Amino acid sequence: MQLPSSATVVAVVLSVVFLICATEAHNITHILASHTQFSTFNHYLTTTHLAAEINRRQTITVCVVDNAGMSDLLSKHLSIYTIKNVLSFHVLLDYFDAKKLHQITNGTALAATMFQATGSATGSSGFVNITDLKGGKVGLSPADYNGPPPAKFVKSIDEIPYNISVIQISTILPSDEAEAPTPGPSQMNLTSLMSAKGCKVFAETLLASPAEKTFEDNVDGGLTIFCPGDDAMKKFLPKFKNLTAEGKQSLLEYHGIPIYQSISNLKSNNGDMNTLATDGAKKYAVVIQNDGEDVTIKTKIVKAKITATLVDKLPLAIYSLDKVLLPKELFKASPTPAPAPAPEAHAESPKHSKSPPAPASPADSPADSPADGPNGDADDLKDSGAVKYNAGASLAAVFSLWFAFNLLM
């Protein structure tokens, strides 16, 4: 039998190598999850949906600032749309790890940012200058900035060569253009949106309550509303009317979360969430649980299921529920009926001598990771946040090895 040429063997071996070494896919929220000093920056990457855009890109550098630096930014009370522009100005569309930063040709480099890519930046306002300073320091500044670089390179957080580099810088890069007021969506009438999509009773009840202003005041910063459908709300109205004025307001606010949660986020995250009713000792929290495509909102009293998505567009999400959410702060859980006595065991049937253990109740289950953190797959990821295993590639590698073996026989 004629042996295959060396070129054929090399080609087969290389194909096996490339298949086994599956392409690394980075996840910026997973990378930052283990660094609590960047939790605020990480939170706003998720809230503004920048995280998803970063994860889709290749050859980028994310310049992160610590929580103190983010506090300075948040003290300006910018809208969520403007914060997105500011953070996108900190994502460079090129790869700069620690080594490259200190080996910049001619001592300076100009890098485009994701803010430039949005088309919102004029002239060179969407570019960042990187300068190799004396004493081994590296400075960063907006391209149109006059004066010494306002931000300095602090350290490298993570590097996946030529894919993504995450570096810490000393402060937020100043940019009048990125921080300029950004028009949000046209003024939305929350109650009209809900009324038109099967939640008219809840909307009318909200409209007659001070809680309506609480909902309206939270839209710009991000808001998620769980509105019970008309049938569920009509059935609940007699109980609602028996609540105090404060109780009525708290119950309505209990159906809002002061952060935008897309349906994809709800389907991939479990855990406790504060609501608009949360106030110090008054926890008023709900638990988000998902099972495949189904998402439930659980309290100590009731478990409600999301039946439809009414609105899902940053900064607002509205979902209809099949039940009214009942907080334990206002309602008491129904007593659990005592289990029926187990049948008397027969001596001749040892396998029936013990009744099966009762299943653990959902309330006894430990809460999963918080909504704004990485999903439950984070434990399977390395500290770099890269997914390095690909089942499809592994199967293909096995077949390639089999093919190579047959060629060599």
Side-chain angles (χ1 to χ4, degrees), residues 49 184-243 245 247-270 273-278 284-328 330-331 371:
H49 283 202
S186 56
Q187 187 64 34
M188 292 172 285
N189 187 313
L190 298 180
T191 52
S192 294
L193 285 172
M194 290 186 280
S195 294
K197 298 189 177 184
C199 295
K200 184 176 182 180
V201 179
F202 180 82
E204 291 176 345
T205 307
L206 180 62
L207 196 59
S209 166
E212 191 265 344
K213 186 176 186 302
T214 306
F215 279 76
E216 294 286 356
D217 290 345
N218 279 273
V219 173
D220 283 345
L223 177 66
T224 300
I225 302 174
F226 301 115
C227 63
D230 285 342
D231 289 342
M233 195 64 191
K234 286 177 183 177
K235 183 178 178 181
F236 174 72
L237 279 180
K239 292 182 180 179
F240 179 79
K241 292 176 181 178
N242 288 331
L243 295 173
K248 290 176 180 177
Q249 181 174 348
S250 294
L251 182 127
L252 293 172
E253 292 175 351
Y254 191 57
H255 288 74
I257 294 176
I259 185 174
Y260 166 75
Q261 286 285 349
S262 67
I263 191 63
S264 59
N265 280 349
L266 292 176
K267 287 180 179 179
S268 61
N269 291 288
N270 293 314
M273 283 191 187
N274 289 335
T275 66
L276 294 176
T278 302
Y284 280 102
V286 296
V287 178
I288 307 297
Q289 292 184 333
N290 61 76
D291 181 13
E293 293 298 306
D294 294 331
V295 179
T296 57
I297 317 300
K298 181 186 172 186
T299 79
K300 292 290 185 182
I301 316 297
V302 70
K303 180 188 289 187
K305 181 180 177 181
I306 290 181
T307 56
T309 300
L310 309 187
V311 177
D312 187 359
K313 184 177 182 181
L314 188 73
L316 177 66
I318 305 178
Y319 308 102
S320 62
L321 300 179
D322 62 351
K323 296 177 184 176
V324 175
L325 299 177
L326 306 178
K328 65 180 179 59
L330 297 177
F331 299 90

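As the structure is a prediction and not an experimental result, all values here were calculated from the model.
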Rounded to the nearest 0.5 Å, how far apart are [atom1] of [X] and [atom2] of [Y]?
{"X": "Lys303", "Y": "Leu326", "atom1": "NZ", "atom2": "CG", "value": "14.5 Å"}
{"X": "Leu223", "Y": "Glu216", "atom1": "CG", "atom2": "CD", "value": "9.0 Å"}
{"X": "Ile225", "Y": "Phe202", "atom1": "CD1", "atom2": "CZ", "value": "7.0 Å"}
{"X": "Ser250", "Y": "Leu330", "atom1": "OG", "atom2": "CG", "value": "6.0 Å"}

Q | Nearest atoms (heavy-atom pairs only) where Gln289 meets Asn270 | A |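 Taking Gln289 first and Asn270 second, the nearest heavy atoms are CA-OD1, 3.2 Å.
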Would you check if [X] and [Y] make a side-chain contact, meaning some heavy-atom pair closer than 4.5 Å?
{"X": "Phe236", "Y": "Thr205", "result": "no"}
{"X": "Asn290", "Y": "Leu266", "result": "no"}
{"X": "Ile318", "Y": "Leu316", "result": "yes"}

Q. Are the side chain of Thr299 and the backbone N or O of Ile301 linked by a donor-acceptor pair below 3.5 Å?
A.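 Such a contact is found between Thr299 side chain and Ile301 backbone.
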Q. Quick one: does Thr278's side chain have a donor or acceptor within less than 3.5 Å of a partner on Thr275's backbone?
A.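 Yes, because the side chain of Thr278 sits within donor-acceptor range (under 3.5 Å) of the backbone of Thr275.
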(Q) Here's a test for you: under salt bridge (charged side-chain N to carboxylate O under 4.0 Å, His left out), which of Asp291, Asp322, Asp294 qualifies with Lys305? (A)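 Output: one option passes, namely Asp294.
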Q: Mind telling me whether Tyr254 and Tyr284 have parallel, tilted or perpendicular rings, with 30° and 60° as the class edges?
A: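 Judged by the thresholds at 30° and 60°, the geometry between Tyr284 and Tyr254 is perpendicular.
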Q) Salt bridge or not for Lys234 and Asp230, using N-O below 4.0 Å? A)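 Between Asp230 and Lys234 there is no salt bridge, as every charged N stays at least 4.0 Å from the carboxylate O atoms.
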(Q) For His255 and Phe215, I'd like to know if the aromatic rings sit close, meaning centre-to-centre distance below 6.0 Å. (A)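 Aromatic pair excluded; centres sit 6.0 Å or further apart.
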